[in-house]
Amino acid sequence: MSLRIGDLAPDFSVDTSTGPISFHDWAGASWVFFFSHPADFTPVCTTEMGRTAQLSAEFEKRNVKPLGLSTDSVAEHVKWIGDVNDTQNTDLQFPIIADADHKIAAAYDMLHPNESDTAAVRSVFIIDPQKKIRLMMTYPMSVGRNFDEILRVIDALQTGDAHGVATPADWTPGGRVIIPPSVSNEQAKESFPQGWEEVRPYLRFTEIGQS
Ligand code: BEZ
C-alpha cells in the first residue's frame with residue numbers, strides 16, 4: 001500500500017554521495033526534505049539540486065536536512081555534483097541516495113510506470129523529527145519544483161505545530177492564521193488572548209506575529 005500523510009516514514013540503510021546512512025539515525029532530531037529526481041546529468045534536475053544547495057542556510061534555519069534520491073550510482077552522483085556546483089554556482093553538501101536497485105523508490109512510491117519504469121518522478125516528502133510524513137507532493141519529470149513553496153509549507157507546518165493553528169490559502173510567515181474549528185471559543189480565549197476576528201463561527205483569524 002502506498003504511503004500517506006501521517007504514516008511513519010520507512011527506514012532504510014543506503015549508500016549516498018556523502019557515504020552510507022541509516023535514514024532515521026541520520027535524520028536525528030531534524031525535519032527532512034526528501035526529494036527524488038529522475039536522473040543525474042539532466043537539465044531540470046541540475047537546477048533543482050543547485051537550488052537546494054543554494055538554500056542550505058534557509059533549510060538549516062528551519063532545522064531541515066535535505067536528502068536527494070535518484071536511481072543512479074554514487075560514482076555518477078559525485079561526478080554530477082561537480083557539474084551542479086559549476087553550473088549553478090553553489091557548493092552542494094547534502095547527501096544524494098544511490099538507489100540503483102529501486103528499493104527505496106519503490107518503498108516511497110516514487111516510480112510511476114506510466115511516466116517511466118526506471119526513473120523516479122519528482123516526489124517530495126516533508127518528514128518531521130518524529131519521522132512522520134507531514135507532506136507529499138509529486139511533480140512530473142518535465143516541471144522543476146518551486147522552492148519558495150517548499151520553504152513556505154515547512155514554515156506553515158512548523159508554525160501550525162508551535163501555535164496550534166492552521167494556515168489559510170497563500171499564507172506566508174507573518175500573515176494571519178486560522179483557529180481550527182476543533183478549538184472552542186472558550187479554549188481560544190486561553191490560547192489566543194490577543195483575540196480573533198470571527199468571520200463565521202467556523203472561520204476565525206488571529207495574529208501570532210512572525211515566528
Ligand atoms: C530533467 O531533469 O531535465 C529531465 C529528466 C527527465 C525527463 C525530462 C527532464
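As the structure lists them, so they are numbered: ligands from 1, and atoms in each ligand from 1. In this chain, numbering begins with 1 at the start of the sequence shown.
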(request) Note the single closest protein heavy atom to atom 9 (C) of ligand 1, along with its residue, its atom name and the distance in Å. (result) Met141 O, 3.7 Å
(request) Using distance alone, with no hydrogens and no angle criterion, decide if Thr46 and Asp83 have a side-chain donor and acceptor under 3.5 Å apart. (result) no
(request) Among all protein heavy atoms, pick the one closest to atom 3 (O) of ligand 1 and tell me residue, atom and distance. (result) Val44 N, 2.6 Å
(request) Output yes when a side-chain donor or acceptor of Glu207 lies under 3.5 Å from a complementary backbone atom of Gln194, and no otherwise. (result) no
(message) Any salt bridge linking Glu149 with Arg152? Criterion: basic side-chain nitrogen under 4.0 Å from a carboxylate oxygen.
(response) yes
(request) Report the nearest protein non-hydrogen atom to atom 4 (C) of ligand 1: residue, atom name, distance rounded to 0.1 Å. (result) Arg122 NH2, 3.6 Å
(message) Looking at every heavy atom in both Thr71 and His102, which two are closest together, and how far apart are they?
(response) CG2-CD2, 3.3 Å
(message) Are any of the N/O atoms on Thr42, whether in the backbone or the side chain, positioned under 3.5 angstrom from an N/O atom of ligand 1?
(response) yes
(message) Restricting to salt bridge (charged side-chain N to carboxylate O under 4.0 Å, His left out), what partner residues turn up for Glu197, sequence neighbours left out?
(response) Arg176
(message) Test your reading of the structure: does Pro43 have an N or O sitting under 3.5 Å from an N or O of ligand 1?
(response) yes
